[in-house]
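Worksheet: one structure, shown below.
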Number of protein chains: 2
Amino acid sequence: MKTMHKEHPLTKNQQIIFDLIDKSPEPMKAYSILFNVQKKGIKAPLQVYRALDKLVEIGKIHKIESRNAFIACHNSSCQVANATAFSICEVCEKVTEISSVGLSKYLANFKDKDGMKYSKYNLEFFGLCKKCR
Amino acid sequence: MKTMHKEHPLTKNQQIIFDLIDKSPEPMKAYSILFNVQKKGIKAPLQVYRALDKLVEIGKIHKIESRNAFIACHNSSCQVANATAFSICEVCEKVTEISSVGLSKYLANFKDKDGMKYSKYNLEFFGLCKKCR
DNA sequence: TTACATGGTGTTATATTATAACAATTTAAA
DNA sequence: TTTAAATTGTTATAATATAACACCATGTAA
């Protein structure tokens, strides 16, 4: 067996916000999330950001740093929470999580000149998606 | 001969801001830049952001997306403006630009399942630097 | 030369993204 | 069952970034 993951169930706010992001076909921004969950009683930015922080921490969602937006993890979750790669279309802004064994192996084993080894990485590719090409 | 780059000289604001970033041992944030150049007559955020945008565009500086901070390019500049990789220490926040031929070749040639080819990427590694280990 | 296109500047105002601080409550464990 | 840890709700505010508009400098074409 590889890694053990205690499956903490999500709290109410976390679940509401995860469900919303998970259903979304595109990355969602924090204040758009806030707007969408206000009817469910989540009224303040902090409530959103706290849930987002937690969801990122446990690997259920990822932050697309270049877009300040959040997307649900589609790589069988937690295992890759610390090793993320995305493709981003610069025209339509479609974002796709990349799952390539080759890529993740390569990056996980990458050592720089100082022999520094990394516990985590985030890679964002930019280009044109099929549709926009 | 490989690629031709017309060397547009920097404008006054661009030069002031580039010099500041270039001298800085660590990535600088926009409002810290603003504070530091106010004595030179740059008074508004927009003046800073405009210069930053341009400097990023021409490859003189890079944005560290996960930190919202800017660092001067140390990879003989423009060639790699669209292919950036950094190592970030999660304790002391030291950021170093990675120049690895292997890595950049690997990423430049990476194709995902859809055969999508990318014009650009940004990679951020996280870990502990020598000092902090 | 004139005109006109392009890119840069200066300015005010505002939008967007994110956190501080504090009190109350829930949950999980010891 | 009391204690520690995490979560919540709330108000206020910090930090990051852009919109809109008027003006100016420079290069190019008529």
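Letters go in sequence order (proteins before strands), and every chain restarts at 1. What you see is a predicted model; the values in this text were computed from it and never measured.
Residues Phe110(B) and Ser100(A) form a side-chain contact, since some pair of their non-hydrogen atoms from C-beta on lies under 4.5 Å apart.
Applying a 4.0 Å cut-off to non-hydrogen atoms, the residues of residues 22-47 of chain B that approach DNA chain D are Lys29(B), Tyr31(B), Leu46(B), listed by residue number.
For Gln14(A), the side-chain atoms get nearest to dT8(D) when compared with the rest of dT8(D), dG8(C), dT17(C). Checking dA17(D), dA21(C), dT19(C) against the side-chain heavy atoms of Arg50(A) singles out dA21(C) as nearest.
Put simply, Thr11(B) has a side-chain N or O that comes within less than 4.0 Å of OP1 or OP2 on dT9(C). Residue Lys63(A) places at least one side-chain N or O under 4.0 Å from the OP1 or OP2 atom of dA18(C). OP1 or OP2 of dA17(D) lies within a sub-4.0 Å distance of a side-chain N or O belonging to Asn68(B). The phosphate of dA17(D) (OP1 or OP2) has a side-chain N or O of Tyr49(B) nearer than 4.0 angstrom.
Annotation for Glu65(B) and Asn122(B): closest pair CG-ND2, 4.0 Å, computed over non-hydrogen atoms. In terms of heavy-atom proximity, Glu124(B) sits nearest to Ile88(B) at OE1-CD1, 3.8 Å. Annotation for Glu97(A) and Cys73(A): closest pair OE1-CA, 3.6 Å, computed over non-hydrogen atoms. When all heavy atoms are compared, the tightest approach of Glu90(B) to Ser119(A) is OE1-OG, 4.0 Å.
Axis angle across the helix from dT1(C)-dA30(D) to dA30(C)-dT1(D), with five pairs used at each end and values rounded to 10°: 40°.
How far CE of Met28(B) is from CG of Leu34(B): 10.5 Å, rounded to the nearest 0.5 Å. Considering CD of Glu26(A) and CD1 of Ile21(A), their distance stands at 12.5 Å, rounded to 0.5 Å. Atoms CG and CG, from Asp112(B) and Leu103(A) in turn, are 10.0 Å apart once rounded to the nearest 0.5 Å.
To the nearest angstrom, P of dT25(C) lies 15 Å from NZ of Lys12(A). Separating the CD atom of Glu65(A) from the C1' atom of dT16(D) is a distance of 14 Å, rounded to the nearest angstrom. With rounding to whole Å, Arg67(B) atom CZ is found 16 Å from dT17(C) atom C1'. Atom-to-atom, CZ of Phe18(B) to P of dG8(C) comes out at 16 Å; the value is rounded to the nearest Å. The distance between atom CG of Leu52(B) and atom C1' of dT18(D), rounded to the nearest whole Å, is 13 Å. Between the CG atom of Asn13(A) and the C1' atom of dG9(D) there is a distance of 9 Å, given to the nearest Å.
Taking the six-membered ring where the residue is Trp, Tyr121(A) and Phe125(B) present perpendicular rings, their angle passing 60° and hence far from 30°.
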